[in-house]
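For reference, the structure discussed in these notes is given below.
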Amino acid sequence: MHSMKPSLAMKRPRPPSPPLLSSASTKQTSSTPPPKSLHQPKTPPLSSRKPKLHTEWVPLNLSQSELSLPLTFPTGQTFRWRQTGPLQFTGTIGPHLLSLKHLQNGDVSYLIHSSPSESAAKLALLDFLNVGISLAKLWDAFSENDSRFAELAKYLKGARVLRQDPVECLIQFLCSSNNNIGRITKMVDFVSSLGTYLGSVGEFEFHEFPSLERLSVVSEEELRRAGFGYRAKYITGTVDVLQSKPDGGAQWLLSLRKLDLPEAIDALCTLPGVGPKVAACIALFSLDHHHAIPVDTHVWQIATKYLLPELAGARLTPKLCSRVADAFVSKYGEYAGWAQTLLFIAELPSQKALLPSHFWDIKEKKPAKNKRR
C-alpha cells in the first residue's frame, strides 16, 4: 500500500498531440519554437561558446517497438526536447547535445551535435533512454494480465519511460504545477537559458541544464518578472533547501533512488512546492521508482473507466488516490508506472486516431454490459 496522499485538484498537463507514427510522417515539418520570455535573465549564461556540430548519424540498435520518439518525447515526461525534423527530436543530456530520429524501417539512430566526449555522450544517451529495460518484455507481461492493454500495444508501440537527471526533472515539474504546456515550456526554456550554450539545431537554441549553484543566484523577483508567478518562490525555496544538504542537493536527490517509494515520496514532499503528484512524477521519471503512479484527474478517469468502475462518479480524495495507485500496481506489478504511461498516452486525441474505431466502441460498452449482468 502507498503512504502518499496525492493532491486533489491537480491535472497533469495534456501535452500537444504528438505526430502520428505512420507513412505520412515524412511530410511533417518541424514544430515552431515556443514563445520566448519577455524578460531575459540578468545574469548571462556561463558560456556563449558555439561548439562545432557533427553530421554523422549512428544506429542506436533500438527498434520502433522499443522506442517510439513521438510517443516518448512530446507526451509530458520532459519539456526540453524539440522536434527538429520529421520524426526527429533534439535535446541535451548533461553537456551533450544530441538528436534522435527514426529511419525508414522504424529503427532509431542518433547524432551527436556537440559533446566533450562522444563515448560519454552515447553512454549518457543509453542511460537516459533506460535501455536496460526491455519494453517488449514488459508489454508481453502487461498484455497477459490485461486484454485491453494487449490491444493498445499493437498500435502504440515504443512508449518508453525516460531516466532523467533528478535536478532537471524536479525543476521542470515545479514549473508544471497547475499549468499548461505552453507556459511550462516557456518557463523551462527560461531556466535552461541560464546554463551553458551548447549549440543550435534548426530554429532552436540548446543549453546544458544549469547546476544548483547557478540556480542559487537567481532571485524570486527575477523569476516572477519572467512569468513564473507563485512558482518562483517554490523554485528558489527548493534550490535553497537542496543547497543546504550536507552532501549537496544533487547527491541527495540521487540517494532517493535507493529508498522505498513511500520514503522517497515523503522526502520529496519536504521540498517547497512539491506535492504527492509532482513527487510521483519525479520518482517515476528520474528516480527508478517504476511503480510510482502520478494520480491526477486524467489518471483518475482512466482508473474509474477500466480498473475501478465502481468508483465512477465519486469525488477524488487522497484516500481514493492511494487506492488508484494500488490498483495500478496490483494489475501491472513493479513496472506499473510504465503501463500507466501508455494508458495515459492512449487517451490523447491524436493517439486515439491510430486505433480502429471499433476498439473504443467495444471497450466503452463493456462496463455497461457487466453492470447489466
Side-chain angles (χ1 to χ4, degrees), residues 1-8 10-12 75-78 127-130 132-135 137-139 141-142 145-146 149 159-174 176-177 238 241-242 245 247 249-300 302-303 307-308 316-345:
M1 297 293 286
H2 297 265
S3 65
M4 53 186 176
K5 298 180 179 178
S7 54
L8 305 186
M10 297 186 69
K11 288 187 177 181
R12 186 186 312 187
T75 52
Q77 294 188 57
T78 177
D127 182 73
F128 176 71
L129 294 175
N130 254 327
I133 297 172
S134 170
L135 200 59
K137 290 182 179 179
L138 284 184
W139 265 212
F142 297 153
N145 295 325
D146 185 352
F149 190 100
R160 178 170 284 276
V161 170
L162 300 171
R163 189 177 194 248
Q164 302 177 58
D165 173 76
V167 172
E168 182 176 333
C169 187
L170 166 61
I171 299 300
Q172 288 186 82
F173 278 97
L174 281 176
S176 75
S177 176
T238 288
V241 171
L242 291 176
K245 298 295 182 183
D247 295 327
Q251 188 60 41
W252 179 80
L253 286 170
L254 285 172
S255 72
L256 302 185
R257 289 176 172 173
K258 301 177 182 179
L259 300 181
D260 292 334
L261 177 59
E263 295 176 308
I265 294 293
D266 289 343
L268 288 168
C269 287
T270 64
L271 301 174
V274 177
K277 196 270 292 190
V278 167
C281 288
I282 298 165
L284 176 61
F285 300 136
S286 70
L287 298 179
D288 299 338
H289 292 289
H290 303 295
H291 62 295
I293 306 295
V295 180
D296 59 9
T297 56
H298 302 310
V299 173
W300 167 251
I302 294 170
L307 294 178
L308 299 167
L316 185 59
T317 64
K319 183 177 180 180
L320 289 183
C321 283
S322 295
R323 186 172 171 184
V324 167
D326 290 336
F328 272 98
V329 175
S330 176
K331 183 77 171 179
Y332 301 107
E334 61 180 326
Y335 285 87
W338 290 59
Q340 175 266 324
T341 297
L342 180 100
L343 298 176
F344 175 81
I345 293 171

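The shown structure was predicted, so the numbers you read here are calculated from the model rather than taken from an experiment.
For the pair H289 (side chain) and C281 (backbone), a donor-acceptor distance under 3.5 Å is absent. Listed for the K331 side chain is a donor-acceptor partner under 3.5 Å among the backbone atoms of N145. The closest donor-acceptor contact from the side chain of S286 to the backbone of I282 lies under 3.5 Å. Between the side chain of S255 and the backbone N or O of W252 there is at least one donor-acceptor pair closer than 3.5 Å. Side-chain atoms of R163 do not come within 3.5 Å of backbone N or O of D288 as any donor-acceptor pair. Under a 3.5 Å cut-off, the side chain of D260 and the backbone N or O of E263 do not form any donor-acceptor pair. Using a distance-only test at 3.5 Å, with no hydrogens or angles considered, a donor-acceptor pair links the side chain of T270 to the main chain of A267. Checking side-chain atoms of Q77 against main-chain N and O of L162 turns up a donor-acceptor pair under 3.5 Å.
Contact annotation: the side chain of D165 never approaches that of L253 to less than 4.5 Å [non-hydrogen atoms, C-beta and beyond]. A heavy-atom distance below 4.5 Å is found between the side chains of R257 and P166. Inter-residue side-chain proximity for W300 and L320 is flagged as met; some heavy-atom pair is nearer than 4.5 Å. Taking 4.5 Å as the limit, some side-chain heavy atom of Q340 sits within range of a side-chain heavy atom of V299. Put simply, the side chain of V274 does not reach to within 4.5 Å of the side chain of F173, judged on heavy atoms. Contact annotation: the side chain of L342 never approaches that of F142 to less than 4.5 Å [non-hydrogen atoms, C-beta and beyond]. Inter-residue side-chain proximity for H298 and F344 is flagged as met; some heavy-atom pair is nearer than 4.5 Å. For the pair L261/L287, no side-chain contact is recorded, criterion being any heavy-atom separation below 4.5 Å from C-beta on.
Pairing each heavy atom of L242 with each of L170, the nearest pair is CD1-CD2, 3.7 Å. Here the closest heavy-atom approach between residue N130 and residue R160 is recorded as O-NH1, 2.8 Å. Minimum interatomic distance between C269 and G275 (heavy atoms only, all atoms of both residues): SG-C, 3.7 Å. Of all non-hydrogen atoms in A303 and V324, the two that sit nearest each other are CB-CG1, 3.7 Å. Heavy-atom minimum distance, A264 versus L256: CB-O, 3.9 Å. Between A292 and A280, the shortest heavy-atom distance links the atoms CB-O, 3.7 Å.
Separating the CD1 atom in I133 from the NZ atom in K137 is a distance of 12.0 Å, to the nearest 0.5 Å. Rounded to the nearest 0.5 angstrom, T297 OG1 and K277 NZ are separated by 9.0 Å. In this structure, OG1 on T75 lies 4.0 Å from CD1 on I345, to the nearest 0.5 angstrom. Distance OG1/T341 to CG/L284: 5.0 Å, rounded to 0.5 Å. Atom CD in Q251 sits 13.0 Å away from atom NZ in K245 (nearest 0.5 Å).
Less than 6.0 angstrom separates the ring centroid of W139 from the ring centroid of F149.
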- Task: Could you go through the side chain to side chain contact (heavy atoms under 4.5 Å, CB included) check for F285 and T78 one step at a time?
- Result: CA-CA 9 Å; F285 300 136; T78 177; over 6 Å; no
- Message: The test is side chain to side chain contact (heavy atoms under 4.5 Å, CB included); show your working for H291 and Y335 and say whether it passes.
- Response: CA-CA 5 Å; H291 62 295; Y335 285 87; over 6 Å; no
- Test log, rule side chain to side chain contact (heavy atoms under 4.5 Å, CB included), inputs L138 and Y332: CA-CA 9 Å; L138 284 184; Y332 301 107; over 6 Å; no
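A donor-acceptor contact closer than 3.5 angstrom links the side chains of Q164 and Q172.
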